[in-house]
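Residue numbers begin at 1 in each chain, while the letters A, B, ... track the order of the sequences. From a predicted model like this one, the values you see are computed outputs, not experimental measurements.
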Protein chains: 2
Amino acid sequence: MNQRSSAVQREIRQTRGFRSRSQEATVALLRTASVVSRTLGRVVEPHGLSLAQYNALRIVRGAGRAGVATLAVRERMIEEGTTITRILDKLEAAGLIRRKRSEPDRRQVLCYVTEKGGRLLTELDPKVDAADEAAVAALGATRTEDFVRMLDDIRRANAVSGAARSTAVRAGGR
Amino acid sequence: MNQRSSAVQREIRQTRGFRSRSQEATVALLRTASVVSRTLGRVVEPHGLSLAQYNALRIVRGAGRAGVATLAVRERMIEEGTTITRILDKLEAAGLIRRKRSEPDRRQVLCYVTEKGGRLLTELDPKVDAADEAAVAALGATRTEDFVRMLDDIRRANAVSGAARSTAVRAGGR
DNA sequence: AAGCAATAATTGCTATGATAACTATATCGG
DNA sequence: CCGATATAGTTATCATAGCAATTATTGCTT
C-alpha cells in the first residue's frame, strides 16, 4: 500500500514517502489550512486587520446590540488561543469595537461593534465571501458538503479540549 | 439552502449562521487544522520540540547522508513562510542536527541529522504515528483517501505562492 | 458574614512567525 | 576579467501566540 503518489507527496517531496495514509492526511490537512489561511489573510490585511482580528470583529458583530463577553469571543474564535484581550485591545484602539463593563456581573466586559467597525465589515464581507468561494471552488457543491462533514467528524473525535461536546463518539469507519 | 446545522455551526455558535457553504467549509478547515495541530503538538512538545521543529527534523532525516540545504528544508515545511534558520539553530544547539557549508557551492549550508536526532525521532515515530491515526480515525480508510484528494484539490487550486510546482496539474478526481 | 473557591479578564514573559533588508557567494554577458 | 544579477542564508524588526501568574468580582458554605 501507499504507492499512489498524491499531490502532497509531490509537494512535500520527501525521499521516503508517508509512513501511513493517516500521516498523509494530517500533513495534507495542516498544509492546506496554512495555504488557505494565507489566502484569506491577504484579503483582510490590506484593510489593517489580521485574520484573527477580522475573526474576532465578526464575532462581536454577530452578537449584535446585546454585546458579547470577552471570553465568549475567545470560545468562538477559529484559533483557540488565549490572546483575546490584546486582539480586542487593537480593535478598540482602531475604533472598530467598544467595550463596557457589564452591569449585573461586573467581572465581565462586554464588546459591541461600532458603526465604523460595521462599515469595515460591510466592505470586507463580499471580498471574504469571494475568497471563501474561491478557496473551495475546486470541490464543487456536493463534495464541499462531504468535506465539511469529514472535518466535523475529525473535530468531534478530537474534542479533547474546549467544550467536550462529544456525545458518544462513534468509532466511524474503522 | 444552508439550513442543516453542522457541528461547526454548533461549535462556533454564532447568532447568524454561515453566509455560505464555502464559508462553512473554510472555517471548518481552519478550525480542524488548529485542533489537530494542537493534538500533535502535545505529542512532541514533552520531548522538547515544537511541531515546527519536529517537522524540520524529520525533513533533515529524510534527506539522509546526502544532507539537505537550508532553503530546501523550508520548501518542504508544512508552514510555508517560516523562519527556517532559527528553527535549525535550535535543532543544532540541541545536538539533533549538524550543519556544514557545502563544498562546491559555498553559499549552501547542508544539514544532517545526528545520531542523537535519529534516536529522538525513532522514539517519537510511533507516538506521532498513533496520533496521526487517531486524528483521522473517525473517517475510516475509504473516506480518508477521499479526504486527502479533496485537500489536494484545494491546495492545487490555491497554489498561488510557493514554488508553483504545478507541472500540468491533472484535475484529479473531478 | 467571613473565608474560600470559581469565574472573568488582564498582564508579563518568552518563543515563534512574517516580512524585508542585508551579506556572501556564484554565474552570466560582454 | 569585471560588473550586473541571481541565489543561499542570516539578521533585524515587529506583531502575535502561549503559558503562567495576578487582579477583581462573584457565589458558595458554614
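Helical stems in DNA chain C, defined as runs of 3 or more consecutive Watson-Crick or G-U wobble pairs with both donor-acceptor distances under 3.5 Å, are listed by first residue as C:1-30 with D:1-30.
Using a 4.0 Å cut-off between charged side-chain N and carboxylate O, B:Asp146 and B:Arg143 make no salt bridge. Ion pair A:Arg119/A:Glu123 not flagged as a salt bridge, since none of the NZ, NE, NH1 or NH2 atoms sits closer than 4.0 Å to an Asp/Glu carboxylate oxygen. A:Asp153 has a carboxylate O that lies under 4.0 Å from a charged side-chain N of A:Arg156, or vice versa, which qualifies the two as a salt bridge.
Between A:Lys100 atom NZ and C:dA9 atom P there is a gap of 14 Å when expressed in whole angstrom units. Per the geometry, CZ belonging to A:Arg42 stands 8 Å off P belonging to C:dT19, to the nearest Å. Across the protein-nucleic acid pair, A:Glu45 atom CD and C:dG17 atom P stand 16 Å apart, rounded to whole Å.
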Would you mind building the protein contact string for nucleotides 7-16 of chain D? One character per nucleotide, 5' to 3', B for base within reach (heavy atoms under 4.0 Å), S for sugar-phosphate only, - for untouched.
BSSBBBB--S
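Counting only distance, with no hydrogens or angles, the side chain of A:Arg155 and the backbone of A:Leu151 share a donor-acceptor pair below 3.5 Å.
Side-chain contact check for B:Asp132 versus B:Leu40: some heavy-atom pair is nearer than 4.5 Å.
A donor-acceptor contact closer than 3.5 angstrom is absent between the side chains of B:Thr114 and B:Arg98.
In terms of heavy-atom proximity, A:Thr122 sits nearest to A:Arg61 at N-NH1, 4.4 Å.
In this model, the phosphate group of C:dT19 is approached by a side-chain N or O of A:Arg38 to a distance below 4.0 Å at OP1 or OP2.
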